[in-house]
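Atom set for the values below is all heavy atoms of this structure, side chains included, hydrogens, waters and symmetry mates excluded.
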Amino acid sequence: MLAKSAEKAEVKTAEVKTEQKQAESFTVQVGVYSDLANVKRIQDQLKQAGYAPFTEKVTTAKGESVRLKAGKFKSREDAVVALDKLKSIGLSGIVIGND
């Protein structure tokens, strides 16, 4: 009996890990800024390019800043394509995984 329970536990653990991997998503982090006017300007550029920008407040060694991100993508490849499009309108960034 104990061996069967252990086998079931192992299967459940593997299933959970697979589900988490499938739920993974990516975004493009455009930058971290301390100037809110700059954040607003870049958000407008992102919206005009068809992306849904969002921000997060972060504390850095220099004080409070805003991390600006664009889009939520199901695959890293989709996020890389979006980053290439952002580069074509003069923005830079990096592709990051969402937790």
Side-chain angles (χ1 to χ4, degrees):
M1 285 285 225
L2 186 58
K4 287 185 180 181
S5 295
E7 287 176 19
K8 286 182 182 179
E10 287 178 30
V11 170
K12 286 182 181 177
T13 302
E15 288 173 5
V16 169
K17 286 181 183 177
T18 302
E19 288 173 17
Q20 287 175 347
K21 200 171 199 178
Q22 291 172 349
E24 189 174 26
S25 65
F26 299 87
T27 192
V28 176
Q29 180 175 308
V30 180
V32 179
Y33 306 94
S34 57
D35 180 5
L36 295 180
N38 196 30
V39 171
K40 176 69 175 147
R41 180 183 59 78
I42 296 170
Q43 280 179 317
D44 290 343
Q45 278 185 279
L46 291 167
K47 287 176 187 175
Q48 288 177 4
Y51 295 97
F54 58 101
T55 60
E56 298 173 343
K57 289 185 180 181
V58 293
T59 302
T60 67
K62 296 181 180 180
E64 291 289 315
S65 295
V66 175
R67 182 178 292 141
L68 180 58
K69 297 179 179 181
K72 186 171 182 180
F73 306 95
K74 291 183 179 181
S75 71
R76 179 172 291 279
E77 292 78 19
D78 290 344
V80 168
V81 168
L83 177 57
D84 288 340
K85 289 179 182 177
L86 292 178
K87 287 179 180 179
S88 74
I89 63 168
L91 297 174
S92 61
I94 58 171
V95 172
I96 60 171
N98 294 318
D99 296 332

Side chains of [X] and [Y], heavy atoms from C-beta outward: is any pair under 4.5 Å?
{"X": "Leu91", "Y": "Val28", "value": "no"}
{"X": "Tyr51", "Y": "Leu86", "value": "yes"}
{"X": "Leu68", "Y": "Tyr33", "value": "yes"}

Would you say Glu64 and Ser34 are linked by a side-chain donor-acceptor pair, where the criterion is simply a distance under 3.5 Å?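 Absent: no donor and acceptor within the cut-off.
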With rounding to the nearest 0.5 angstrom, report the [atom1] to [atom2] distance, [X] to [Y].
{"X": "Ser65", "Y": "Lys57", "atom1": "OG", "atom2": "NZ", "result": "11.5 Å"}
{"X": "Lys69", "Y": "Phe26", "atom1": "NZ", "atom2": "CZ", "result": "12.5 Å"}
{"X": "Asn98", "Y": "Gln29", "atom1": "CG", "atom2": "CD", "result": "10.5 Å"}

### Task
Decide side chain to side chain contact (heavy atoms under 4.5 Å, CB included) for Ile89 and Gln48; before the verdict, give the C-alpha distance in whole Å, the side-chain angles of both, and the deciding distance to 0.1 Å.
CA-CA 10 Å; Ile89 63 168; Gln48 288 177 4; over 6 Å; no
Here the pair of heavy atoms bringing Phe73 nearest to Ala82 is CZ-CB, 3.4 Å
Heavy-atom nearest pair, Pro53 first then Leu46, reads CB-CD1, 3.7 Å
Exam field: side chain Ser25 to backbone Lys74, donor-acceptor pair closer than 3.5 Å: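 It does not hold such a pair.
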Would the distance check show the side chain of Thr27 and the main-chain N or O of Ala70 forming a donor-acceptor pair, the cut-off being under 3.5 Å?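 Yes, the answer is positive, given that a donor and an acceptor are paired below the 3.5 Å cut-off.
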Between Val30 and the options Ile94, Ile42, Val39, the side-chain contact (heavy atoms from CB on, under 4.5 Å) test singles out Ile42
Sorted by chain and residue number, the side chain to side chain contact (heavy atoms under 4.5 Å, CB included) partners of Asp44 (sequence neighbours excluded) come out as Lys40
